[in-house]
Amino acid sequence: MKPANELLSGIGTTIFTVMSALATQHGAINLGQGFPDSDGPLDVLAAAAAALTDGRNQYPPLTGVTELRQAVAAANARFYGLDVDPATEVVVTSGATEAITASLMALLNPGDEVVLIEPLYDTYLPIVRMLGAVPRLVRLEPPKWDLPRTELAAAFGPKTKAILLNTPMNPTSKVFTNAELAFIADLLVKHDAYAVCDEVYEHLTYDGWRHVPLMTLPGLRDRCLRIGSAGKTFSLTGWKVGYITAPAPLALLAARAHQNLTFTTPPNLQRAVAVGLAKDDAYFQGLASALEAKRDRLSAGLAGLGMTVLPSQGSYFVSVDYSPLGFAGDDVAFCRHITEQARVTAIPLTAFYDASGGPAPSHYARFAFCKADAILDEAVARLRQHFTARSAARLTATG
Ligand code: PMP
Ligand code: GLN
């Protein structure tokens, strides 16, 4: 038989699914795949339930129900001062995952270059490549993850069509600084390029860090497709409701992509997300401060075990350098080891790097802290018990 799609044949199952399956197999606490362990706000859930039984279950409009498009426009105005036309500048998608694909489809022709920043979220590269575009990867280095400006500038050239920027960033938990955003903005204007802005963690920032959409920078209003996710903003990751905000000509093309990918997104969920986006400021602040406390709790626990905990300015995640523990293997071995032996699961950071860029740093693991306090405490207790027993065994063996 003729071989099927080469690109898809060449990529494995996503690390999130692999590690979640391993966690289930070993009865591990799953701090790998990023999902909260409790549902989002009751009024949003109730709105979704009520919307199921009031007779609006046929195909909703292609770009999203009016209520949600209006709510997305209003949220853009409230949080960022952006003036957005809900009729022509918003497209609702089935999750940010579809929004990313639709946005890339809206921009790219085969042969176009796309600047991507490593470590990167796992859907970016396969989609860029499937569209026949050429990735230009720029690496951030731990532990600070600062933007390497010379390398970034060098990645731009005459064929650059777009950058794909994720801030707050998964898996580094970095929030790009205003100076970094301004540097990127200058490059985009200079090279007449666009930006696909993955801003799913826009409301999850800590320590006074505030999310600034690239779209709000001078000259960038018409160059950006800005992506949000109800999954993250309302702790409902299974809902898969995303939204793109973009200038009308780009939104139109993203809608054309969406009509060929999924066409629409479940109407009751859309209407409930509109209720969520209209919630008062206290909800959004409360979400961030609750997660900040969890970040602190897990970070302190992991640091107490001797790991070097990297800063986390946003997202669901905190990463550690586990080498002080004396574990000899790489990050994949470490994450498997703790899942199987300590029954706590994390994600190896090498999963967020492409082989084309050379060896990635291989002694970092990402832990999700969007869990009940008791679960975070139990995870730390399990790791402590395991590593204490292990070093005692090693001392006995060498002593
Ligand atoms: N982008 C990033 C950086 C993410 O971490 C996620 C997490 N799931 C997504 C996109 C996908 O969001 P959604 O679940 O809304 O498709
Ligand atoms: N965004 C989530 C993470 O980084 C996972 C999403 C998924 O499983 N596809 O953990």
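Positions are given from 1 along the sequence. Hydrogens, waters and symmetry mates play no part in the numbers below; they use all other heavy atoms, side chains included.
Not one N or O on the side chain of Arg343 forms a donor-acceptor pair closer than 3.5 Å with the backbone of Ile29. Side chain of Ser173 to main chain of Phe317: a donor-acceptor pair is present (N/O by atom type, distance under 3.5 Å, no hydrogens or angles). Between the side chain of Asp331 and the main chain of Leu349, a donor-acceptor pair closer than 3.5 Å is present. For Asp37 (side chain) and Ala372 (main-chain N/O), a donor-acceptor pair under 3.5 Å exists by modelled atom type. Counting only distance, with no hydrogens or angles, the side chain of Asn166 and the backbone of Met169 share no donor-acceptor pair below 3.5 Å. Using modelled atom types, no side-chain atom of His258 and backbone atom of Thr63 make a donor-acceptor pair closer than 3.5 Å. The backbone N or O of His337 sits nowhere less than 3.5 Å from a side-chain atom of Gln341 that would complete a donor-acceptor pair. With Ser103 contributing its side chain and Val196 its backbone, the two residues share no donor-acceptor pair below 3.5 Å. Remark: the backbone N or O of Phe284 is not paired with any side-chain donor or acceptor of Asp281 at under 3.5 angstrom. One N or O on the side chain of Lys174 and one on the backbone of Trp145 form a donor-acceptor pair closer than 3.5 Å.
For the atom pair CD of Glu199 and OG1 of Thr167, the computed distance is 7.5 Å after rounding to the nearest 0.5 Å. Interatomic distance, CG of Leu225 versus CD of Glu89, reported as 11.0 Å (0.5 Å rounding). To the nearest 0.5 Å, atoms CZ (Phe369) and CG (Leu298) are separated by 8.0 Å. Atom SG of Cys335 sits about 14.0 Å away from atom OH of Tyr364, to the nearest 0.5 Å. Rounding to the nearest 0.5 angstrom, the gap separating the CD atom in Gln33 from the CZ atom in Arg366 is 9.0 Å. Taking CZ from Phe16 and CG from Asp122, the interatomic distance works out to 4.5 Å, rounded to the nearest 0.5 Å.
Looking only at side-chain heavy atoms (C-beta outward), Leu45 and Leu42 come within less than 4.5 Å of each other. Proximity of Arg136 to Thr160: side-chain heavy atoms (C-beta onward) are nowhere separated by under 4.5 Å. Side-chain contact between Met105 and Asn260: absent, with no pair of heavy atoms (C-beta onward) separated by less than 4.5 Å. Counting heavy atoms from C-beta outward, Val84 and Arg221 have side chains that approach closer than 4.5 Å. A 4.5 Å side-chain heavy-atom check between His386 and Val344 finds every atom pair outside the cut-off. Under the 4.5 Å side-chain criterion, counting only non-hydrogen atoms from C-beta, Thr123 is not in contact with Thr101. Two residues are said to be in side-chain contact when any heavy atoms from C-beta on lie closer than 4.5 Å; Thr265 and Phe263 fail this criterion. Between Met130 and Leu8, the closest side-chain pair of non-hydrogen atoms falls below 4.5 Å.
Follow the hydrophobic side-chain contacts under 4.5 Å out from Val90 and you never reach Leu261; the two are in separate clusters. No continuous path of hydrophobic side-chain contacts links Tyr322 to Ile15 [ILVMFWY only; heavy atoms under 4.5 Å]. Clustering ILVMFWY residues whenever any of their side-chain heavy atoms sit less than 4.5 angstrom apart, transitively, puts Leu269 in the very cluster that holds Leu68. Under the 4.5 Å side-chain heavy-atom criterion for grouping Ile, Leu, Val, Met, Phe, Trp and Tyr, Tyr121 is connected to Leu131 within one hydrophobic cluster. No continuous path of ILVMFWY side-chain contacts below 4.5 Å connects Ile244 to Leu62, so the two sit in separate hydrophobic clusters.
Taking the centre and axis of the six-membered ring of Phe35, the NZ or CZ atom of Lys371 falls inside the cone set by 45° and 6.0 Å.
Atom CD of Gln25 sits in a crowded spot, with more than 12 heavy atoms from other residues, nucleotides or ligands closer than 6.0 Å. Atom CD of Glu340 sits in a crowded spot, with more than 12 heavy atoms from other residues, nucleotides or ligands closer than 6.0 Å. More than 12 heavy-atom neighbours from other residues, nucleotides or ligands sit within 6.0 angstrom of CZ on Arg78. Heavy-atom contacts from other residues, nucleotides or ligands closer than 6.0 Å to CG of Asp83 number 12 or fewer.
Taking all atoms of both residues into account, the shortest heavy-atom contact from Ala102 to Ala254 is CB-O, 3.9 Å. In terms of heavy-atom proximity, Pro324 sits nearest to Thr308 at CG-OG1, 3.5 Å. Of all the heavy atoms in Met215 and Thr245, the pair that sits closest is CE-O, 3.5 Å. Smallest separation of non-hydrogen atoms from Gly64 and Arg69: O-NE, 2.9 Å. Taking every heavy atom of both residues into account, His191 and Gly157 meet most closely at ND1-O, 3.8 Å. Here the shortest heavy-atom pairing between Val175 and Gly314 reads CG2-N, 4.2 Å.
Remark: Arg149 pairs with no residue by the salt bridge (charged side-chain N to carboxylate O under 4.0 Å, His left out) rule, at least two apart or across chains.
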Can Lys279 and Leu287 be said to form a side-chain contact (heavy atoms from CB on, under 4.5 Å), step by step?
CA-CA 12 Å; Lys279 285 173 83 66; Leu287 175 69; over 6 Å; no
Full working for side-chain contact (heavy atoms from CB on, under 4.5 Å) between Ile184 and Leu220:
CA-CA 10 Å; Ile184 294 169; Leu220 289 206; 6.0 Å; no
I would like to know whether Asp373 and Lys294 meet side-chain contact (heavy atoms from CB on, under 4.5 Å); could you show each step before the answer?
CA-CA 7 Å; Asp373 289 350; Lys294 292 181 181 301; 2.9 Å; yes
Can you list the steps and then say if Phe79 with His203 is a ring-ring contact (aromatic ring centres under 6.0 Å, His included)?
CA-CA 10 Å; Phe79 294 111; His203 293 293; 4.6 Å; yes
For side-chain contact (heavy atoms from CB on, under 4.5 Å), just list the numbers for Leu187 and Leu152, CA-CA rounded to whole Å, side-chain angles, deciding distance to a tenth of an Å, and then say yes or no.
CA-CA 9 Å; Leu187 286 171; Leu152 185 74; 3.6 Å; yes
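Relative ring orientation between Phe234 and Tyr283 is described as parallel, the plane-to-plane angle staying below 30° on a 0-90° scale split at 30° and 60°.
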Indicate every side-chain donor-acceptor pair of residues 299-306 with a distance under 3.5 Å to a residue at least two apart or in another chain.
residue	atom	partner	partner atom	Å
Ser299	OG	Arg295	O	2.6

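Taking the centre of each ring, Tyr124 and Phe352 stay at or above the 6.0 Å mark. Between Tyr201 and His211, the distance separating the two ring centers is not shorter than 6.0 angstrom.
Under 3.5 Å, the side chains of Asn170 and Ser315 contain no donor-acceptor pair of N or O atoms.
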